[in-house]
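Each residue takes its place number in the sequence, starting with 1. Only this structure's heavy atoms are used, side chains among them; waters, hydrogens and symmetry mates stay out.
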Amino acid sequence: MKALRLIALLFVMFLPSHAFSEDPGALRITLIEGDVFTYNDDDWLAATVNMPLGEDDTLRTAEDGRTELHVRGGAFVRLDEASSIEVLEVGDESVRLFLEEGRLYVNNERS
């Protein structure tokens, strides 16, 4: 009976972290330094780490802001301060971005 309780306890402890975890999306924010904002649905919001980005979203860094995005599959996009990008298209393992102003760096480590 103790073994059954132990198995039930372990099941309850570890199942939610695996069974109910959400897909982070093909494009998500992985790092934020300073002020970074997203624009969607006619409103500017403070960006947060692990926030997924979708088509028609705009991401803007302030004068003191920098951010890094992860593209599913291994690519990273880093946005420098005072920069802005618009997400044009999001696929399973690729994205199309439009750099409205500023600077960005892309690191593609896909094999």
Shortest non-hydrogen contact from Met51 to Ala46? CE-O, 4.0 Å
Apply the side chain to side chain contact (heavy atoms under 4.5 Å, CB included) test between Ile29 and each candidate in Thr48, Leu79, Leu59, Asn50; give the one that qualifies. Leu59
Is there a continuous path of hydrophobic side-chain contacts, each under 4.5 Å between heavy atoms, that joins Leu53 to Leu45? no
Heavy-atom donor-acceptor pair, Thr67 side chain to Leu31 backbone, under 3.5 Å: yes
Check the pair Leu27 / Leu97 against side-chain contact (heavy atoms from CB on, under 4.5 Å), numbers first and verdict last. CA-CA 11 Å; Leu27 180 64; Leu97 305 171; 4.3 Å; yes
With no hydrogens and no angle check, is any side-chain donor or acceptor of Ser83 less than 3.5 Å from a backbone partner on Arg103? yes
Could you tell me which non-hydrogen atom of Ile32 sits nearest to which non-hydrogen atom of Ala47, and how far apart they are? CD1-O, 3.3 Å
Expected output: side-chain Thr61 to main-chain Arg66 donor-acceptor under 3.5 Å: no
Closest non-hydrogen contact found for Ala75 with Asn108 is CB-OD1, 4.0 Å
Show which residues join Phe37 in its hydrophobic cluster (side-chain heavy-atom contacts under 4.5 Å, direct or indirect), or state none. Tyr39, Trp44
Hey, what do you get for CZ (Arg60) to CG (Asp35), rounding to the nearest 0.5 Å? 13.0 Å
Members sharing Leu88's hydrophobic cluster, built from side-chain contacts under 4.5 Å between Ile, Leu, Val, Met, Phe, Trp and Tyr, are Phe98
So, the side chain of Ser84 versus the backbone of Glu101: is there a donor-acceptor pair under 3.5 Å, distance only? no
Least distance between heavy atoms, Gly91 atom then Ala26 atom: O-CB, 3.0 Å
Is there a path from Ile85 to Phe76 through hydrophobic residues (I, L, V, M, F, W, Y) whose side chains come within less than 4.5 Å of each other? no
